[in-house]
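Have a look at the structure below before the remarks.
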Amino acid sequence: MPDTIHLLPDHIANQIAAGEVIQRPASAVKELLENAVDAGATEIRLLVNDSGKALIQVIDNGKGMSPKDAQNAFARHATSKITTIEDLFQIRTMGFRGEALASIAAVAQVSLKTRRAEDELGTSVEIENSKVTETSSVACALGTTISMKNLFFNVPARRNFLKSNSAEFKHIIEEFTRVALAFPEVHFSLTSNGQDVYHWEGGSFKQRAIQVLGNSYQTKLVTVGEQTDYLTITGFVGKPETAKKTRSDQYFFVNRRYIKSAYLHHAVANAFDGLIAKENFPSYLLYIDVDPTQVDINVHPTKQEIKFEDDKIIYAFVQAAVKHALAQFSIAPSLDFSLDASIQQLDAIQKPFTAENANTTASQSLYEGFTKKNQAHFISKSENASKQDWKSFFTTIPNSENTVGQEGIDKDHYIVKPSSMGFYKDGSPLQISPEASLLQLHQTFIIAPSHSGCIIIHQQLAHERILYEKFQKASAHPHATQKSLFPVVLELSVSDAILLEEIIEDLALIGYEIEAFGSNSFIIQGIPADVNAGNEKNAIELLLEQFKHFSGEVKYSKREKLIRCMARQMAIKSGQSLTQKEMHVLIEGLSECDIPNITASGAPTFVEFKEDYLNGLFSK
Ligand code: ADP
Ligand code: MG
């Protein structure tokens, strides 16, 4: 038998490696723009034809390359940016892996023209299938022009995977925008099929933000700026009214590198808690600068994910900075910073919210609107009407129209909501004396005396709110799992298996430890610590079923859907008898919620009847 192992020729090895870095035209755009930025360009032009499938050209006025560098640049691991392994932890440039040009040269026809200031003539290099096919000296402008034609011409399978022109162009704009936002001092332009698309002159961060987001944002951005020895955060958040149902206009940059981070997104969303509807996303552009030794950017081939030395601090800091900004700009009162002790001493938290500040704040209409909304929240029919979709999903819940906003009851008399921001903690109708004797009605409602009347709690909806918040918090700080003594095997249909795959990580965050186990089978290794073992199989199947029903609701993130399903599924149901103790525990749990008065979908969890109102009922 002959030996069968052989070394792959370079151009094939490069093509394989290129798969990691260059997935689509937009990935090449990102790499080329970053190279131009690294070269110190002050003007960068991007030209694409056919959404980059036919041509991607980047023209910069940066420092250029020597004739020899121009040829070497395309070799794998050819970089001028690091030389020792220590450098890897001190990175101040966008690139450092020396892979981009090699990858591009493996999957497209590339030509390069470049000239340094000290050279009279520039260099021109042509490359195909990773091989330099031609070099010559040419007269050319200062800087570098790289053109790549016919992306994936030699990898038809990949070419076939490309999406429509409009979809690919969207990706290009995304990458272009991210780099442009990170480097506002650079003049960027984008031309597509000969048409000017963007022309962004260099300027301040704010100017660039407006160029990207549009003029209407001129008055809608709140400046964020906090500085400590450890890190700096600057940038902008959109005022609450700019929140959208879609996830766009959300940018994090760490040391000017755009990154994706669900974790930090959560921190911002948390800071907006109570200011925007749960299903909306705040817009933000936040720039975090830390010592490069505090982050590892080498954890992902396209460098869009990074690892922080201590991400809890970053989380708390981002949240505090955004809260503080919103407070300073009178959008939210600066109360209730619940933060790690480790960052309590940060400037952002220490800065007093002075009486003077508070006065000017209180006189502004935004503030009024905000507090009013949170003080006395009167339920109106219309507000509930829009929430019907989600409610129809609950089978055992009475039609809310029968419980609230009923004709004949003066709506102004039942105040439902204690403040979600902790203003009226003392006055919360949910503060029930532990001695009070409670009444369960129709195994659905709990009647309890409050200090100024009485409240009626819907046991299922209340429990749902409690669980919802618990799961939500759990998804930021993973939940305790109990290992199953006898792991259960779950066999699913193909489509259910795909669905489960999709949510498996999210399930892990709330305590379900599930592993793939051969084709369409899974093994349940652990369940949330507070769920009774025994019917986990059933629970997961039910969850998948609910999840499917709910998955038409595009406005909710996967995790949000999952959390809602879980809360709904695990809540005690109507029809279940509760002991005095259980009822007290339930009410106490509800009172500890951030937003105790409604479920995630907007149904009231309890109503209060004030003493005046009760008296009024009996007056002549
Ligand atoms: P990396 O950016 O990780 O170093 P690349 O493959 O992207 O690797 O680029 C290789 C090298 O080519 C860079 O380190 C740089 O020296 C040089 N180079 C690439 N693009 C440019 C450019 N636009 N201007 C000047 N030099 C460049
Ligand atoms: Mg690079």
Side-chain angles (χ1 to χ4, degrees), residues 10-11 13-15 17-23 26-47 56-85 87-108 110-119 122-127 130 132 135 138 140-148 175-176 178-179 182-183 186-189 255-258 292 296-304 306:
D10 266 359
H11 72 276
N14 280 344
Q15 268 183 18
E20 278 202 337
V21 186
I22 309 296
Q23 284 134 8
S27 351
V29 164
K30 168 179 190 278
E31 295 296 338
L32 295 177
L33 292 178
E34 288 187 348
N35 278 348
V37 167
D38 282 344
T42 55
E43 184 174 352
I44 301 175
R45 291 193 280 154
L46 168 64
L47 293 86
I56 297 173
Q57 185 173 49
V58 173
I59 305 168
D60 71 51
N61 64 352
K63 65 179 187 239
M65 287 178 253
S66 70
K68 187 144 175 271
D69 280 352
Q71 293 183 55
N72 287 339
F74 294 91
R76 183 149 299 273
H77 311 305
T79 181
S80 54
K81 296 166 196 171
I82 59 174
T83 41
T84 67
I85 194 70
D87 293 342
L88 201 50
F89 304 97
Q90 293 287 346
I91 286 167
R92 291 177 196 279
T93 49
M94 292 295 107
F96 58 87
R97 296 160 64 111
E99 291 190 317
L101 290 187
S103 297
I104 286 169
V107 293
V110 180
S111 61
L112 164 78
K113 280 196 176 58
T114 186
R115 182 171 73 83
R116 299 181 298 179
E118 61 263 49
D119 301 330
T123 312
S124 159
V125 179
E126 302 279 333
I127 291 161
S130 300
V132 175
T135 25
V138 289
C140 63
L142 185 72
T144 303
T145 298
I146 295 190
S147 316
M148 48 179 290
E175 295 294 356
F176 177 83
R178 290 167 182 170
V179 180
F183 297 92
V186 177
H187 178 161
F188 281 93
S189 65
N255 296 346
R256 297 227 189 172
R257 188 184 302 281
Y258 170 84
D296 185 356
I297 43 191
N298 197 25
V299 294
H300 191 262
T302 63
K303 297 167 280 183
Q304 286 198 356
I306 64 172

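In each ligand, atom 1 is the first atom listed, and ligand 1 is the first ligand listed.
Taking CZ of R116 as the start and NZ of K63 as the end, the distance is 10.5 Å to the nearest 0.5 Å. The CD atom of E118 sits 9.0 Å away from the CG atom of L142 when rounded to the nearest 0.5 Å. In this structure, OG1 in T114 is found 9.0 Å from CG in D69, a value given to the nearest 0.5 Å.
Among all protein heavy atoms, the one lying closest to atom 4 (O) of ligand 1 is T79 OG1, 2.5 Å. Nearest protein heavy-atom neighbour of atom 27 (C) of ligand 1: M65 CE, 3.4 Å. Among all non-hydrogen protein atoms, the one lying nearest atom 25 (C) of ligand 1 is A39 CB, 3.6 Å.
Of all the listed residues (I91, L101, I82), L101 holds the heavy atom that lies closest to atom 6 (O) of ligand 1.
Other residues, nucleotides and ligands contribute more than 12 heavy atoms inside 6.0 Å of the CZ atom of R256.
The shortest N/O to N/O separation between G98 and ligand 1 falls below 3.5 Å. At a 3.5 angstrom cut-off on N or O pairs, D60 counts as close to ligand 1. Not a single N or O atom of K63, backbone or side chain, sits closer than 3.5 Å to an N or O atom of ligand 1. In terms of polar-atom proximity, defined here as any N/O pair under 3.5 Å, K81 does make such a contact with ligand 1. Of the N or O atoms in G95, none lie within a sub-3.5 Å distance of an N or O in ligand 1.
For residue N35, an N/O/S atom approaches the Mg ion (ligand 2) to within less than 2.8 Å.
T42 and N61 are linked by a side-chain donor-acceptor pair at a separation below 3.5 angstrom, with hydrogens and angles left out of the test.
A donor-acceptor pair under 3.5 Å links the side-chain atoms of D87 to the main chain of T83, judged by distance alone. A distance-only check finds no donor-acceptor pair linking the side chain of R178 to the backbone of A182 [under 3.5 Å].
When each atom of ligand 1 is checked for a heavy atom of F96 under 4.0 Å away, the hits are 1 (P), 3 (O). Near A100, the atoms of ligand 1 lying under 4.0 angstrom from a non-hydrogen atom of the residue are 6 (O), 7 (O). Ligand 1 places these atoms under 4.0 Å from at least one heavy atom of A78: 8 (O), 10 (C), 11 (C). Listed by number with element, the atoms of ligand 1 under 4.0 Å from a non-hydrogen atom of A73 are 10 (C), 12 (O). Atoms of ligand 1 lying under 4.0 Å from at least one heavy atom of R97, given by number and element, are 3 (O).
Put simply, the side chain of I127 does not reach to within 4.5 Å of the side chain of L112, judged on heavy atoms.
Contact annotation for S80 and ligand 1: heavy atoms of both the backbone and the side chain come within less than 4.0 Å of the ligand.
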